[in-house]
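Start at 1 with the first residue, then count along the sequence. In what follows, every heavy atom counts, from backbone to side chain, and hydrogens, waters and symmetry copies are set aside.
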Amino acid sequence: MAASATFRASVSSSPPSSSSSSSSQLTHLRSSPFKAFNFTPLSSSRSSKSSSFSVSCTIAKDPAVLMAPGSDPALWQRPDSFGRFGKFGGKYVPETLMHALSELESAFYALATDDDFQRELAGILKDYVGRESPLYFAERLTEHYRRENGEGPLIYLKREDLNHTGAHKINNAVAQALLAKRLGKKRIIAETGAGQHGVATATVCARFGLECIIYMGAQDMERQALNVFRMRLLGAEVRGVHSGTATLKDATSEAIRDWVTNVETTHYILGSVAGPHPYPMMVRDFHAVIGKETRRQALEKWGGKPDVLVACVGGGSNAMGLFHEFVNDKEVRMIGVEAAGFGLDSGKHAATLTKGDVGVLHGAMSYLLQDDDGQIIEPHSISAGLDYPGVGPEHSFFKDMGRAEYYSITDEEALEAFKRVSRLEGIIPALETSHALAYLEKLCPTLADGTRVVLNFSGRGDKDVQTVAKYLEV
């Protein structure tokens, strides 16, 4: 039953004494997590000529839920009815986009129980994307981390690199393209950093006959030239963004500007668990197939759950796809790995959850890299996909709740992992994935014998070979 609170306020016809206090009160009301306002005038013995009167205000809000560190994750609202994960998330967007976001949310909920849609999506994921992806026991990597006494953890790789287009991004792109068709939107836009989301979006637009425009930072276009060619080969228009740092943040900003201008005809396939509600929830749920498969495969292989989950985090979609299934299993550790760039003390990194502060970017409240004036600090990572100054709001929530752990890896450590895994397992990882793989060097010596670690191998490294060749001698 909805809880309610009753307030008494004095409303005056005279102007407020301070415009700033009035503005702050309005801001507080707009951001307050309440569903409705019901105003009932109170009887008053005041003269009808009085310039002020009293009202009672009954505000209905969501049921109170204990969301504090250490509380039961099964009781958490992820998200609540306002699209918030605790204080994170929400919709900080122009009024122009509110209808489109509401329409998108309604369509998402309707299609979640639409058997025809779910059958079509499952069929495409199986026959076109190539799901399910294997849960592969990395025998030589496991041997590499075995201690002198013969003990050590067991390393498994969730092989999202084997999906069509070479990364996890296709899961979300396929689902959102089908959703866009149901909404009657024939023009698709997307942002991309490493190019994998851009390639996935261009791929599904070719598959479904949709117009496709991809926004990509000019710097990322240079270091991901192969993926730029792939997108254009698939029929997409790739628009370079030269403003700001010419990376993922700026590509996202430009895509949002396009959407504001063309909202009636255009669907924005946002590629991560970031942005305004319902995107963090929707992208998470479209990637949740990763964790669902992992649970089933783990049960088949060893009759239990993973002990530790590891994934790289930029915006955070591949990590959330793996984590979501296991959030309520408190005994399963969840570890996200960010980009430390040249080092956390260098000022040149993308470790948002490690070094960031709470703020609003691209329509949602989350941790951000920002200066004392609230201006975004330019991030850095050798990996274009992790080179982002924000992070998905649910990751920020997990950090504050203590449900997930977040660490960081430097460019140099990621490059060494890129080479190490290529030579030990014969699998060339994406630079994004290499950050997660590099963290095994720090994690594995601390784990008990037989601990089962599942690492989300989120993408293959073909796209990064030219970049890595500039740094590594092989």
Side-chain angles (χ1 to χ4, degrees), residues 88 92 190-198 214-225 227-228 238-257 270-275 312-317 336-393 395-396 399 406-415 430-432 434-435 438 463-464 467-468 470-471:
F88 301 106
Y92 295 83
E191 86 300 331
T192 195
Q196 286 302 114
H197 175 58
I214 306 294
Y215 288 93
M216 190 172 190
Q219 182 178 325
D220 291 340
M221 289 180 71
E222 182 178 344
R223 57 181 171 177
Q224 297 293 336
N227 274 344
V228 173
V238 183
R239 296 183 181 176
V241 179
H242 298 270
S243 59
T245 59
T247 55
L248 179 57
K249 168 183 72 72
D250 311 289
T252 304
S253 298
E254 202 61 36
I256 292 173
R257 291 187 189 102
L270 206 157
S272 195
V273 287
C312 63
V313 174
S317 61
V337 185
E338 299 186 294
F342 294 139
L344 292 179
D345 296 326
S346 69
K348 295 291 184 180
H349 60 79
T352 307
L353 289 164
T354 307
K355 301 288 282 187
D357 298 302
V358 176
V360 173
L361 177 67
H362 296 145
M365 181 176 287
S366 193
Y367 279 98
L368 310 175
L369 297 178
Q370 56 186 323
D371 62 22
D372 292 339
D373 296 320
Q375 299 301 305
I376 297 300
I377 296 173
E378 178 181 352
H380 163 78
S381 173
I382 192 171
S383 160
L386 302 184
D387 196 359
Y388 184 63
V391 69
H395 282 294
S396 294
K399 168 187 162 70
Y406 296 93
Y407 304 99
S408 58
I409 286 294
T410 65
D411 290 351
E412 185 177 354
E413 290 169 324
L415 285 167
L431 276 173
E432 293 79 16
S434 297
H435 284 72
K463 66 185 180 61
D464 295 314
T467 298
V468 173
K470 299 174 184 177
Y471 298 92

#### Entry: Note, M216 side chain near L248 side chain (heavy atom, < 4.5 Å)
no
### Task
Measure the shortest side-chain to side-chain distance between T410 and I382 over non-hydrogen atoms and say whether it is less than 4.5 angstrom.
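SC-SC contact between T410 and I382 ruled out.
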### Task
For side chain to side chain contact (heavy atoms under 4.5 Å, CB included), just list the numbers for D464 and Q224, CA-CA rounded to whole Å, side-chain angles, deciding distance to a tenth of an Å, and then say yes or no.
CA-CA 7 Å; D464 295 314; Q224 297 293 336; 3.1 Å; yes
### Query
Which residue pairs pass the side-chain hydrogen bond (donor to acceptor under 3.5 Å, both in side chains) test with at least one member in residues 362-371, sequence neighbours excluded?
S253-H362, H362-Y388, S366-S396, Y367-D400
Set of side chain to side chain donor-acceptor pair (under 3.5 Å) partners for [X], sequence neighbours left out:
X	answer
S383	E432
T245	T247, D250
D220	R223

Which residues satisfy the ring pair (Phe, Tyr, Trp, His ring centres under 6.0 Å) test with [X], sequence neighbours excluded?
X	answer
Y215	none
H197	none
Y471	none

Nearest heavy-atom pair of [X] and [Y]: which atoms, and what distance?
X	Y	value
P393	V273	CD-O, 3.2 Å
A194	G385	CB-N, 3.6 Å
Y406	H395	OH-ND1, 2.7 Å
T192	I214	CG2-CG2, 3.7 Å

#### Entry: With sequence neighbours excluded, residues passing salt bridge (Lys or Arg N to Asp or Glu O under 4.0 Å) with R257
E254
### Query
Distance from I377 atom CD1 to L368 atom CG, nearest 0.5 Å?
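Going from CD1 on I377 over to CG on L368, the span is 10.0 Å.
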### Query
Nearest 0.5 Å, what's the CG-CG distance between D411 and L431?
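The CG atom of D411 sits 8.5 Å away from the CG atom of L431.
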#### Entry: Qualifying salt bridge (Lys or Arg N to Asp or Glu O under 4.0 Å) pairs, either residue in residues 372-384, two or more places apart
none
Which donor-acceptor pairs under 3.5 Å do side chains of residues 346-354 form with protein atoms, sequence neighbours excluded?
| residue | atom | partner | partner atom | Å |
| --- | --- | --- | --- | --- |
| S346 | OG | G343 | O | 2.6 |
| S346 | OG | K348 | N | 3.0 |
| S346 | OG | K348 | O | 3.4 |
| H349 | ND1 | A351 | N | 3.1 |
| T352 | OG1 | G390 | O | 3.4 |
| T354 | OG1 | E338 | OE1 | 3.0 |

### Task
Under the side-chain contact (heavy atoms from CB on, under 4.5 Å) rule, collect the residues that match up with A414, sequence neighbours excluded.
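A414 satisfies side-chain contact (heavy atoms from CB on, under 4.5 Å) with I409, S434, H435 once adjacent residues are dropped.
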### Message
Going by the rule side-chain contact (heavy atoms from CB on, under 4.5 Å), which residues pair with A225 if we only count those two or more places apart in sequence or in a different chain?
### Response
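Counting only residues at least two positions away or on another chain, A225 forms no side-chain contact (heavy atoms from CB on, under 4.5 Å).
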